[in-house]
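Working notes for the structure below.
Since this is a predicted model, take the numbers as computed values, not measurements.
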Amino acid sequence: MEKAIEQLEPITDEPTKKMLQSLVDKKRKFENLKKKVLSLQLAAFVCMIIFMVYFYNVIVLTSDNSLSIVVSRFVDESFHLYFIVAIAGAYATALYFKKKEVKAETEYHALRCEVIRKSGELWPQPYHWKKRTSVFQMMKNEFDINLFYESK
């Protein structure tokens, strides 16, 4: 459990701290997937640009504007097929992780909204209700999790 969440002892009870820790874990999972998707998309894009520049300079410019020569040069080298499969693989992997990212974001947002909606039960009035703001502020400052509003 995060140290900042453990230090909420007099303000929050143990189930609430576990809920906040779960919220932090889900946010980290979502951010890690987001970074992974961005890096895979960037790698696929860079590989595609490199291949297009290579294809234009090495095959198209040296083929005397003949489509049959371009196709035959493209098919003759197995390296071209491997490069295209690598680009497609990187892009397909990015799509796979994008689906996981969307699912992780949905779970994170649902739990965040649940904490906001149940805040009246988690921090009963009147004493703990006033301390709730300090917990929300700590979550915002330490983990960049906004518990003040449900909107993203």
Contacts under 3.5 angstrom, residues 83-93 side chains, donor-acceptor by atom type, not counting sequence neighbours:
from	atom 1	to	atom 2	distance (Å)
Thr93	OG1	Gly89	O	2.7

**Message:** With salt bridge (Lys or Arg N to Asp or Glu O under 4.0 Å) as the rule and sequence neighbours excluded, what pairs involving residues 72-84 come up?
**Reply:** none
Using atom types as modelled, flag every donor-acceptor pair under 3.5 Å from a side chain in residues 39-47 to any protein atom, sequence neighbours excluded.
from	atom 1	to	atom 2	distance (Å)
Ser39	OG	Lys35	O	3.3
Ser39	OG	Lys36	O	2.9

**Message:** Between Thr12 and Leu122, does the side-chain contact (heavy atoms from CB on, under 4.5 Å) criterion hold? Intermediate values first, please.
**Reply:** CA-CA 7 Å; Thr12 57; Leu122 299 173; over 6 Å; no
**Message:** Can you confirm whether Met1 is buried at CE, in the sense that more than 12 heavy atoms of other residues, nucleotides or ligands lie under 6.0 Å from that atom?
**Reply:** yes
**Asked** What's in the same ILVMFWY side-chain cluster as Phe30, cut-off under 4.5 Å, chained through other members?
**Response** none
**Asked** Does Phe74 reach the side chain of Leu81, with side-chain heavy atoms less than 4.5 Å apart?
**Response** no
**Message:** Please determine whether a side-chain nitrogen of the Lys or Arg among Glu14 and Lys18 lies less than 4.0 Å from a carboxylate oxygen of the Asp or Glu.
**Reply:** no
**Message:** By the salt bridge (Lys or Arg N to Asp or Glu O under 4.0 Å) test, which pairs, at least two apart or in different chains, include something from residues 101-111?
**Reply:** Lys26-Glu107, Lys98-Glu101, Glu105-Lys152
**Asked** Between Leu23 and Met139, is a side-chain contact (heavy atoms from CB on, under 4.5 Å) present by the stated rule, with each step listed?
**Response** CA-CA 10 Å; Leu23 191 61; Met139 293 296 286; 4.3 Å; yes
**Fill in**
Between the CD1 atom in Ile5 and the OG1 atom in Thr16, the distance rounded to the nearest 0.5 Å is 11.0 Å
**Message:** Assess the residue pair Met19 and Glu114 against the criterion (side-chain contact (heavy atoms from CB on, under 4.5 Å)); give the C-alpha distance rounded to whole Å, side-chain angles, the decisive distance to 0.1 Å, and a yes or no.
**Reply:** CA-CA 10 Å; Met19 199 173 201; Glu114 184 179 344; 3.4 Å; yes
**Message:** Are the side chains of Ile116 and Phe148 in contact, using a 4.5 Å heavy-atom criterion?
**Reply:** no
**Message:** For residues 37-63, which residue pairs pass the salt bridge (Lys or Arg N to Asp or Glu O under 4.0 Å) check, not counting sequence neighbours?
**Reply:** none
**Request:** Tell me whether the centres of the aromatic rings in Tyr56 and Phe51 are closer together than 6.0 Å.
**Result:** no
